[in-house]
Every structure is written in structure tokens, then in C-alpha cells.
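The shown structure was predicted, so the numbers you read here are calculated from the model rather than taken from an experiment.
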Amino acid sequence: PHIKLCISAARVYLCVRVVCLRGVCGITTSASMSKRAKKNEQEDGDGDHDNGTAPAAKKGKKVKEPEAPILYSDPPDKMNSKDGHAANMKITSWNVDGLRAWVKKKGLDWVRDEAPDVLCLQETKCAEKSLPDEITSMPEFPHKYWAGSDEKEGYSGVAMLCKTEPLKVTYGIGKEEHDKEGRVITAEFPTFFLVTAYVPNSGRGLVRLDYRKTWDVEFKAYLSDLDKRKPLVLCGDLNVAHEEIDLKNSKGNKKNAGFTAEEREGFNQLLAAGFTDSFRELYPEQANAYTFWTYMMNSRSKNVGWRLDYFVLSSALLPGLCDSKIRNQAMGSDHCPITLHMVV
């Protein structure tokens with residue numbers, strides 16, 4: 001009897017244990033599913049970027065269909081100035097976000113098809129000793145110039161590749177504080193200066209905004225001094241969206257790097273010094289024309305972007321302006337290339 005009683009008790013105990021374990025497992029599974037669902041909702045959310053993803057609808061409400069992205073289509077190139085002269089100078093600028101990776105992504109194939117007279121690159125992130133053979137040996141550009149950070153290898157950096165040898169090439173703007181980061185190359189040609197620049201980013205939390213404000217003042221002074229000698233073309237990643245039309249989500253970015261009041265005022269001051277944003281000169285009302293898209297949240301396919309890359313011209317060069325292009329179909333970086341057609 002004692003044996004039967006023990007067996008019965010054991011059966012009851014085992015049944016209770018199984019039921020309890022199933023209950024625990026059931027609760028754990030539900031919690032895990034809930035956490036996973038919440039995580040998926042967060043990953044699918046747009047954060048501060050309104051890139052057309054509809055939020056989850058409340059029970060009983062009709063789900064709103066996500067809006068189709070508004071894309072920009074680069075129109076056919078204008079190859080003549082307003083007074084009818086044919087373009088004879090083609091300059092392309094591209095922030096490549098790492099030269100070595102960009103080369104592996106076949107960026108040079110696009111450059112060969114575009115065939116500019118001068119190619120300017122920003123954010124090369126590559127010391128001269130580490131440059132890929134594919135670019136150093138390019139016969140299309142026999143004259144190549146490189147600038148990089150003195151202190152941080154793999155940081156900043158610009159390049160200029162020319163079909164025709166410039167009269168003179170200089171590096172930096174004559175201020176050690178700025179020049180050690182390898183952000184500017186200036187080439188003098190017979191009738192104009194060409195300056196390519198990678199303007200400092202104010203950083204997350206605007207940690208470098210004060211430095212950026214100093215840069216803007218001193219860079220403008222450098223350009224104004226050049227302009228007194230010969231008109232100039234400035235190209236590159238200027239790290240500012242000038243007006244609300246120049247980025248998708250202006251309201252949510254007024255305190256973020258690239259769209260602060262201070263950075264926009266710095267660009268205002270540059271224009272007030274006698275320089276012109278060539279794209280806005282030709283396309284003053286064109287919206288949704290961007291040159292940078294973060295890699296996050298499918299921003300490029302949704303065209304949630306910023307126009308950070310520019311060709312800025314001295315007023316004396318405006319009569320020769322033919323076209324200012326945004327080549328937003330070219331892949332290989334989080335920026336797209338831009339191209340200038342002009343008469344010199």
C-alpha cells in the first residue's frame with residue numbers, strides 16, 4: 001500500500017510539475033513574442049525621418065497606405081550658356097565616403113562614363129601611401145593631387161584629378177588648425193581657380209559647431225582673397241543644407257548638424273560675399289533634389305535626403321554657367337556625384 005501511495009503521489013507531483021512548467025513556458029513565450037514584436041516595430045519606425053512609412057493603425061481604424069516617394073529625375077544636360085556659348089569645361093565632384101571601398105564598388109567605371117575634365121573627391125579616408133592602384137594609374141587623369149589628415153589616417157581627405165596640368169596647386173587655406181585635417185585643394189588654371197573642399201561636420205550633439213563657425217569665417221576669407229585675383233569655382237561636400245527646400249525633413253533637423261541656424265548663416269555669408277549656388281541659380285524652385293542619404297531606413301530608395309554637395313561660383317563666372325547636375329542614379333557612396341558644365 002505504501003508503494004502504491006508513493007507511486008500515486010509521484011504521478012500527481014509530476015502532473016503538477018508539467019502543468020506549472022507549461023504555464024511558465026507559455027508566459028515566457030508570450031513575453032518573448034511581445035518583446036520581439038516591439039523591437040520589430042522600433043526597427044521599422046522612421047524616428048525623426050518622415051520617409052513615408054505608415055504607423056501601425058489602431059484597432060478599428062483604416063490603415064493608411066504609405067505615400068509613394070517623390071523622386072528627382074536629373075534632366076538632360078544643358079550644354080550651352082545663356083548667351084549661346086558651348087561648354088568647354090566639365091567638373092565632377094563626389095564625396096566617396098572612403099576611396100578604397102568606393103573603388104571596389106566600381107565608382108571608377110561611372111567616372112570613365114561621365115568623362116569629366118577634372119574629378120574632385122572628398123572624404124577619401126586614405127593616406128597617399130595606401131591609394132589603390134586602380135586610381136593612381138588612371139591614364140585619363142595624368143595629374144593627380146591628394147590631401148589627407150596629418151594626425152588621423154583614414155579620416156577626412158580630398159583629391160583632385162586633372163586631364164590638364166594646373167598652373168599651380170596648393171593645399172589647405174593657410175591656417176594650421178584647419179589644414180592638418182586635409183580638407184582643401186586649390187588648383188589655379190589660366191582663367192579661374194578650382195577649390196575642392198570637405199567642410200567639417202558639426203558632429204553629433206553639435207560638439208564641433210564652434211569650430212565649424214570659425215572654419216566658415218576663415219574659409220570665406222580665403223575664398224574672397226582668391227576671388228580678388230581670379231574668379232573661382234568651389235566644389236565639394238559643404239556639409240550644409242542651405243534652405244528648407246534642400247532637405248526632406250527640415251522641421252525635425254533644425255538642431256542637427258548640417259541644418260543649424262549657424263551653419264546656414266555661414267552659407268548666407270558666403271553668398272553675400274559675391275558667390276552663387278549654381279544649382280539654385282538654374283533651378284530655384286526644384287524640390288526633392290538631394291545629394292546625400294543616410295544608409296539607415298532605406299532613405300535613398302525613399303529619397304529622404306539632403307543637398308550637401310555644391311558648385312559655388314564667383315559672380316564673374318555666371319555668364320559661362322551652362323548646367324549644374326545632380327547624378328542621383330550613380331551608386332557607390334552615401335553621396336551621389338554632381339557635375340558642372342561651364343564655359344571658360
Pair Leu121-Val158, side-chain contact (heavy atoms from CB on, under 4.5 Å): steps then yes or no: CA-CA 5 Å; Leu121 305 175; Val158 291; over 6 Å; no
For His178, the option from Tyr211, Tyr198, Phe219 that meets ring-ring contact (aromatic ring centres under 6.0 Å, His included): Tyr211
Check: Tyr310 ring centre within less than 6.0 Å of Phe267 ring centre: yes
Lys/Arg-Asp/Glu bridge criterion (N-O < 4.0 Å) met for Arg112, Glu114: no
Salt bridge flag under 4.0 Å for residues Glu243 and Arg264: yes
Check: Asn298 main-chain N/O paired with Ser301 side-chain donor or acceptor under 3.5 Å: yes
Electrostatic pair Arg307:Asp246 at N-O distance under 4.0 angstrom: yes
Contacts table for residues 130-139: side-chain donor-acceptor under 3.5 angstrom, sequence neighbours left out:
from   : atom 1 : to     : atom 2 : distance (Å)
Thr136 : OG1    : Pro132 : O      : 3.4
Thr136 : OG1    : Asp133 : O      : 3.4
Ser137 : OG     : Asp133 : O      : 2.6

Under 3.5 Å side-chain donor-acceptor pair for Asp323 and Tyr283: yes
Cation-pi check, Lys230 onto Phe193 ring (under 6.0 Å, within 45° of axis): yes
Whether Trp94 and Trp102 hold their rings parallel, tilted or perpendicular, with breakpoints at 30° and 60°: perpendicular
Shortest non-hydrogen contact between Lys78 and His341, atoms and distance: O-CB, 4.1 Å
